[in-house]
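Reviewing the structure listed below.
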Amino acid sequence: MTEPKAIEVKSVSKSFGAYQALKSVSFDIGSNEFFTILGPSGCGKTTLLRMLAGFESPDAGSILLNGKEVVAIPPHKRRVNTVFQSYALFPHMTLEQNVAYGLENLGWEQGRIKTRVGEMLERVHMGPMARRKPAQLSGGQRQRIALARALAPEPEVLLLDEPLSALDLKLRQAMRDELRTLQRDTGITFVFVTHDQEEALDMSDRIAVLGGGEVQQIGTPAEIYEEPVNRFVADFVGETNFLDVEVLETTGGEATIRTPFGLSITVPATGPTAKGRATLSVRPEKINLGNQAEGITFEGRITNKNYMGGYTHYTLDVAGTELRASRRNASREGDTIPLGATVPVGFVAGSARVLAA
């Protein structure tokens with residue numbers, strides 16, 4: 001017998017007046033999975049998270065937790081906890097009191113609460129600060145306490161609503177590592193909501209990209225980045241070059257196209273692509289310059305360059321078409337291609353995609 005998924009969302013829709021926030025959204029999340037809902041502001045991701053928590057109800061569809069329908073079950077009766085962007089710690093309580101609060105409401109025995117609070121504070125490396133209050137902590141430390149409090153009651157699912165957005169860059173990067181380690185150590189299903197593509201690619205087992213209230217694509221980070229199913233996903237996740245091309249022929253998942261600079265090439269195609277106009281997507285780091293050019297090759301002139309430490313970003317003019325390329329600076333001197341130079345340009349056919357509309 002197949003075990004139920006940790007979460008099953010089936011044809012869920014939600015409107016607020018005339019505005020439809022979610023349109024027949026469906027997906028499954030496995031047990032012990034780090035699953036990220038990624039999308040721009042207004043795409044419906046927070047509405048969806050609130051439904052999983054029980055703070056909102058769908059207009060249509062169903063939500064199952066470990067095989068049990070929960071739409072009619074109130075938040076406090078679901079084995080689901082939420083970590084909010086604002087942390088929502090009680091300022092008048094010590095850290096250990098904050099972590100203990102939910103356990104006391106659940107009626108745990110005091111000895112058990114004390115043991116569990118100690119375990120959770122140690123897990124998030126905050127044991128020596130147990131008697132402090134939230135005002136005495138940094139943003140990252142408050143985030144750790146919010147996580148400890150949410151994990152203490154041993155929820156089946158932990159929901160995280162953009163919890164890193166208020167932190168500075170280096171602290172966000174450090175907390176990403178800590179979140180991933182916590183998820184692996186606890187074995188709890190994490191559902192992480194963010195608009196930050198780097199967070200999603202770094203931490204997730206799988207990602208659901210939302211746009212316009214609909215699931216645009218679900219896949220591993222590599223699948224989402226390397227094999228976007230449409231222009232929305234390719235544009236939102238990472239940077240890319242979009243070229244207006246003419247489809248000459250399609251067969252077996254590939255399309256023969258004519259580029260705006262006159263080359264006829266065959267590359268992978270995503271979804272049904274009829275003859276006529278289409279869009280070619282090529283990531284800047286997939287375009288190789290100078291002595292590194294390989295695969296489909298042509299020439300371009302360097303019109304702009306930006307040195308960024310480990311990489312140099314280039315803008316090229318290819319017969320009137322603008323392309324962006326990124327080249328790793330392998331030597332201490334950095335990249336030596338001069339501004340204004342005409343250089344070989346190339347990319348491997350398998351790294352490009354003709355996208356469905």
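Nothing fancy with the numbering, it's 1 onward along the sequence. Note that this is a predicted model, so its numbers are computed, not measured.
- Contact check for Phe192 versus Pro163: side-chain heavy atoms found under the 4.5 Å cut-off.
- Both Val343 and Leu339 are members of a single hydrophobic cluster when ILVMFWY side chains are connected at heavy-atom separations under 4.5 Å.
- Looking at Leu95 and Leu137, their side chains come closer than 4.5 Å, going by heavy atoms from C-beta outward.
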(request) Apply side chain to side chain donor-acceptor pair (under 3.5 Å) to the pair Thr240 and Ser281, showing each step before the final yes or no. (result) CA-CA 6 Å; Thr240 194; Ser281 171; 2.7 Å; yes

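- Counting only distance, with no hydrogens or angles, the side chain of Glu246 and the backbone of Ile257 share no donor-acceptor pair below 3.5 Å.
- Geometrically, Lys305 does not engage Tyr307 in a cation-pi contact, judged by NZ or CZ lying under 6.0 Å from the ring centre and within 45° of the ring axis.
- Note that the CZ atom of Phe236 and the CG atom of Leu210 stand 10.0 Å from one another [nearest 0.5 Å].
- You'll find the side chain of Leu323 reaches within 4.5 Å of the side chain of Leu243, heavy atoms only.
- Summarising the geometry, atom CD1 belonging to Ile63 is positioned 14.5 Å from atom NZ belonging to Lys68; distances are rounded to the nearest 0.5 Å.
- Nearest heavy-atom pair across Pro134 and Leu89 is CG-CB, 4.0 Å.
- Distance alone, capped at 3.5 Å, is enough to place a donor-acceptor pair between the Arg283 side chain and the Tyr225 backbone.
- In this structure the side chain of Leu164 reaches within 4.5 angstrom of the side chain of Leu179, judged on heavy atoms.
- Under the 6.0 Å distance and 45° angle rule, Arg327 does not count as a cation-pi partner of Tyr311.
- Between the side chain of Arg142 and the backbone N or O of Ala135, no donor-acceptor pair lies under 3.5 Å.
- Considering only heavy atoms from C-beta on, Met126 comes within 4.5 Å of Val124 through its side chain.
- Closest approach of Phe232 to Pro40, counting heavy atoms only: CZ-CD, 3.9 Å.
- A donor-acceptor contact closer than 3.5 angstrom links the side chains of Thr312 and Asn329.
- The NE2 atom of His195 sits 10.5 Å away from atom OG1 of Thr46, with the distance rounded to the nearest 0.5 Å.
- Checking Arg176 against Gln173 by side-chain atom types alone, no donor-acceptor pair falls below 3.5 Å.
- The two residues Ile218 and Ile224 make their nearest non-hydrogen contact at C-CD1, 4.1 Å.
- Using a cut-off of 4.0 Å between Lys/Arg side-chain N and Asp/Glu carboxylate O, Glu119 and Arg116 are scored as salt-bridged.
- Formation of a donor-acceptor pair under 3.5 Å by the Ser351 side chain with backbone atoms of Val348 is found in this model.
- Around the CD atom of Glu69, the shell of radius 6.0 Å holds more than 12 heavy atoms that belong to other residues, nucleotides or ligands.
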(request) Decide salt bridge (charged side-chain N to carboxylate O under 4.0 Å, His left out) for Lys286 and Glu226; before the verdict, give the C-alpha distance in whole Å, the side-chain angles of both, and the deciding distance to 0.1 Å. (result) CA-CA 10 Å; Lys286 307 296 185 183; Glu226 302 288 353; 3.2 Å; yes

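- Applying the 6.0 Å contact sphere to CD of Glu198 captures no more than 12 heavy atoms from other residues, nucleotides or ligands.
- Of the possible polar contacts, none joining the Lys14 side chain to the Lys23 backbone as a donor-acceptor pair under 3.5 Å is found.
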(request) Please lay out, stage by stage, how Arg180 and Asp205 fare under the test salt bridge (charged side-chain N to carboxylate O under 4.0 Å, His left out). (result) CA-CA 10 Å; Arg180 197 66 177 99; Asp205 293 317; 2.5 Å; yes

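- Considering Leu22, Val12, Thr47, Val25 in turn, Val12 is the only one that fulfils the side-chain contact (heavy atoms from CB on, under 4.5 Å) rule with Pro58.
- Separation of the Phe298 and Phe261 ring centroids falls under the 6.0 Å cut-off.
- Ring geometry for Phe190 against Phe34 counts as tilted: the plane angle lies between 30° and 60°, on a 0 to 90° scale.
- Checked options Thr36, Val209, Val193; the residue passing with Lys45 is Val193 (criterion: side-chain contact (heavy atoms from CB on, under 4.5 Å)).
- At least one donor-acceptor pair under 3.5 Å links the side chain of Gln97 to the backbone N or O of Thr94.
- If you chain together hydrophobic residues whose side chains sit under 4.5 Å apart, Leu160 and Leu52 never meet in one group.
- Here Thr186 contributes atom OG1 and Met120 contributes atom CE; the two are 7.5 Å apart, rounded to the nearest 0.5 Å.
- Side-chain contact check for Val191 versus Leu49: some heavy-atom pair is nearer than 4.5 Å.
- Looking at Arg50, its side chain never comes within 3.5 Å of a backbone N or O of Ser57 through a donor-acceptor pair.
- A single hydrophobic cluster is not seen to contain both Ile207 and Phe35; linkage of ILVMFWY side chains at heavy-atom distances under 4.5 Å, directly or through other members, places them apart.
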(request) In sequence, state the C-alpha distance, the side-chain angles, and the governing distance for Thr194 and Glu199, and then conclude on side chain to side chain donor-acceptor pair (under 3.5 Å). (result) CA-CA 8 Å; Thr194 185; Glu199 287 180 358; 2.8 Å; yes

(message) Evaluate Ser13 against Ser24 for side chain to side chain donor-acceptor pair (under 3.5 Å), listing each step before the verdict.
(response) CA-CA 5 Å; Ser13 296; Ser24 194; 5.0 Å; no

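- If you take NZ on Lys5 and OG1 on Thr189, they are separated by 10.5 Å, rounding to the nearest 0.5 Å.
- For the pair Asp59 and Ser15, the tightest heavy-atom approach, listed with the atom from each and the gap, is OD2-N, 2.7 Å.
- Here Asn288 contributes atom CG and Ile296 contributes atom CD1; the two are 11.5 Å apart, rounded to the nearest 0.5 Å.
- Sparse packing is recorded around CE of Met308, with 12 or fewer heavy atoms of other residues, nucleotides or ligands lying under 6.0 Å away.
- Judged purely by distance below 3.5 Å, without hydrogens or angles, the side chains of Thr256 and Thr266 pair a donor atom with an acceptor atom.
- Here the side chain of Asp235 pairs no donor or acceptor atom with the backbone of Arg231 at under 3.5 angstrom.
- With Glu214 contributing its side chain and Gly211 its backbone, the two residues share no donor-acceptor pair below 3.5 Å.
- Judged by a 6.0 Å distance limit and a 45° cone about the ring axis, Arg149 is positioned over the six-membered ring of Phe90.
- Proximity of Val345 to Leu316: side-chain heavy atoms (C-beta onward) are separated by under 4.5 Å at one or more points.
- In Phe27, the CZ atom is crowded: over 12 heavy atoms of neighbouring residues, nucleotides or ligands sit closer than 6.0 Å.
- Side-chain contact, Asn32 with Gln183: a donor N or O sits under 3.5 Å from an acceptor N or O.
- Between the side chains of Gln217 and Asn230, no donor N or O sits under 3.5 Å from an acceptor N or O.
- No donor-acceptor pair closer than 3.5 Å links the side chain of Thr342 to the backbone N or O of Arg301.
- With contacts defined as side-chain heavy-atom distances shorter than 4.5 Å, the pair Val70/Leu64 does not qualify.
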